[in-house]
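Here the structure comes first, spelled out in structure tokens, and everything after it is commentary.
Numbered from 1 within each chain, the chains take letters A, B, ... in sequence-line order. Since this is a predicted model, take the numbers as computed values, not measurements.
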2 protein chains.
Amino acid sequence: MSPARSGTGAGTRPKRPTMVDVAREAGVALRTVSRVVNNDPTVGEKNLAKVQAAIAALNYRPDERARQLRLGVTGTIGAAVRRIAEVNPELAAIEHTARSSGLTLLAASTDFDEAREREILISMCRQRLDGIIVEPIGESHGYLQPELEAGMPVVSMDRPMSGISADCVMSDNASGIGMAFHHLHQHGHRRIAYIGDSERVFSGRERAGAFRASLRAYGEPLDGLVHTGEITAQRVAAALETALHAAQPATALVTGNMETTIAVLRQLGRDQASRIAIVGFDEVPLADLLQPALTVVAQDTARIGRTAVELLRARMAEPDRAVETVVVPLDLIVRGSGELRA
Amino acid sequence: MSPARSGTGAGTRPKRPTMVDVAREAGVALRTVSRVVNNDPTVGEKNLAKVQAAIAALNYRPDERARQLRLGVTGTIGAAVRRIAEVNPELAAIEHTARSSGLTLLAASTDFDEAREREILISMCRQRLDGIIVEPIGESHGYLQPELEAGMPVVSMDRPMSGISADCVMSDNASGIGMAFHHLHQHGHRRIAYIGDSERVFSGRERAGAFRASLRAYGEPLDGLVHTGEITAQRVAAALETALHAAQPATALVTGNMETTIAVLRQLGRDQASRIAIVGFDEVPLADLLQPALTVVAQDTARIGRTAVELLRARMAEPDRAVETVVVPLDLIVRGSGELRA
DNA sequence: CTGAAAGCGCTAACAA
DNA sequence: TTGTTAGCGCTTTCAG
């Protein structure tokens, strides 16, 4: 009756009706409203109609938070990836798979930052998500051990977790590099150089290692052909200089990931890019529009994302199952840049 | 004592310790644990230490859901965009801005699907998020009216909502198209064609309209120069055929969005692409590596994303403030394709 | 400085 | 078929 109630001014959010309000409005018990909201068939027609009318009249929306608290599960899984908002086909696959499993996806960017990763992961645990998929950045995930023990399902993607044992799905980096090398070798190249990410990163390490193994397997010397480290314009320029202007210059290049591939193409510029053979590891946007079009060893990102969700669901269903690592093969996509002859 | 407790088999998730467990372990009251968890300074050293020890011993993690239920706010905002997992600088900006405001971001893809958009938006409302940013797809958002009235802050990005009145941030489509047209005109082109998205989409409508206005302003006829509709290879091919092989063939092209630009480049192929002048609306990945490099009118995506969060926060703070629309200017980025002479 | 107790909005025994 | 009631795990008023 008194206007004082609504007079609290700016910042006041109107209170939303609750189930009790609906029950009162409909003249039934709380339990009946709950039944209607959850499509329980054991509700009489009369009451059903009354409740539905009350819901409509009050614009009632059930509070998902309360429901989840009571139920114990959230119906939501988290994905901590390096970048949402960048081309990320694995995340797209995760989203689709999650949706078709009736799971909501909470995605967050670790931004290549270890502290940020930790923050996100802990926050997801505190939110009691049903499970977490993570594209790991950090070098020590020990802080997740208690969470694992408490039953939080965790799956890592692209790289294994360090310090803890969790399910994992990743590409077969070694054979991918092997395919790239072999392809260039078949096209007559003998001096093949590798430029890739830092070997402090797991995939950088695996790929550089596999490349060295390829060189050895084909009986080629390693001198000046393997360049790894942070990807900067400077470093790439230096690597190219060494590789291309040696006494025995490289005639072909394998680049270790998308960022490197792009940096190398930028550095080479338009003219040189059509003279040296290149096979990139990872798909590159608009690769088909480049000149020459870019030959790559592509990860099966759709399968990786899908598998990540499947592994997660398997663990949610059976927390005690054996930890599993799935290795996914890669595909060579021939477009032109890798077929330039020596 | 009896092993029956843990014998329920697979699917059982170990029960996590709650605040009560911590209190018992530490030998203090629940209230004291709550104080410690929330960094309340009014806790004695003795108890503080005891509680911290108990938390560590039990690996206690507060349940964020319960906390939010009690508190009423979630500290989380939602972003319903067309695609996470694609290049989406606006989403990246939203994420950064949200984070630096201490807000968690829940991002979801509408996937250009009206039903999906509705599903996501309703779900976000049921989760009682603190606010929602949406890149609208559907042509009728009337179903959100009750939510707005109930005080849910909603901001639209890139396009206005239809059927309801909400804050909005978007690019100045008309001047962007004007800049593109003017630029080509300055480089001697008189027959300039436009290929863009369907005019059933808001931005498609605005941009095509602005292009027609430009043609009129410069006194050029419109015949066969404006092509809009769903972006498919076929449609683009047909549009190019009409524009380039008319009696008075177009010598320059404005493309209405990124997808169109890419489709056009693919269609033109390598040879033709260097003969016809192009200015694209929207930035394109690797635009600088194309041949010729692509001149575009770029949206200020960082500012759009940042503004979206700012508008949202403003409304969260002051639900009754006047609805605001922010229009953001665009930038012409000169790279080569737009400077080819007629 | 600490603790008992009420309640956030919902679900699910259990009773009627 | 419907209603009563006890929590889910947390914050917070109000007494000690």
* Pick base, sugar-phosphate or nothing for Val43(B), based on heavy-atom distances below 4.0 Å to the nucleic acid. => sugar-phosphate

* Could you tell me the separation between the CZ atom of Arg67(B) and the CZ atom of Arg126(A), rounded to the nearest 0.5 Å? => 6.5 Å

* Structure fact -> Among dG3(D), dT2(C), dT2(D), the one nearest any side-chain atom of Asn47(A) is dT2(D)

* How close or far is atom P of dT2(D) from atom NZ of Lys46(A), stated in whole angstroms? -> 11 Å

* **Smallest separation among heavy atoms of Ala107(A) and Ile84(A), with atom names** => CB-CG2, 3.9 Å

* **Any Thr18(A) side-chain nitrogen or oxygen under 4.0 Å from OP1 or OP2 of dC8(C)** => no

* To the nearest Å, give me how far apart CZ (Arg65(A)) and C1' (dG9(C)) are. => 9 Å

* Asked: Do Asp130(A) and Thr74(A) have side-chain heavy atoms sitting under 4.5 Å apart?
  -> yes

* Rounded distance in Å - CD (Glu64(A)) to C1' (dC8(C)) -> 15 Å

* Closest non-hydrogen atom pair between Ser100(B) and Thr97(B), with its separation -> OG-O, 3.1 Å

* Structure fact -> Taken to the nearest whole Å, CZ/Arg61(B) to C1'/dC8(D) is 20 Å

* To do: Could you tell me whether the side chain of Arg16(A) reaches within less than 4.5 Å of the side chain of Glu147(B), counting heavy atoms only?
  => yes

* Glu45(B) has an atom CD; how far is it from atom C1' of dC1(C), in whole Å? -> 13 Å

* **Letter per nucleotide, 5' to 3', of nucleotides 11-16 of chain D [B base touched, S only sugar-phosphate touched, - untouched; heavy atoms, 4.0 Å]** => BBB---

* Rounded distance in Å - CG (Asp40(A)) to P (dA13(C)) -> 12 Å

* Whole-Å distance separating the CG atom of Asp21(A) from the P atom of dC8(C) -> 10 Å

* To do: Please step through side-chain contact (heavy atoms from CB on, under 4.5 Å) for the pair Leu311(A) and Arg315(A), ending with a clear verdict.
  => CA-CA 6 Å; Leu311(A) 283 174; Arg315(A) 183 147 308 280; over 6 Å; no

* Length of the line joining Leu48(B):CG and dT2(C):C1', which is rounded to integer Å -> 14 Å

* **Side-chain (Ser156(B)) to main-chain (Val134(B)) donor-acceptor, under 3.5 angstrom** => no

* **Polar side-chain atom of Thr110(B) near backbone of Val81(B) as donor-acceptor pair, under 3.5 Å** => yes

* To do: Report the end-to-end axis angle of the helix from dC1(C)-dG16(D) to dA16(C)-dT1(D); each axis comes from five terminal pairs, and the value is rounded to 10°.
  => 40°

* Does any non-hydrogen side-chain atom of Asp113(A) lie less than 4.5 Å from one of Ile137(A)? -> no

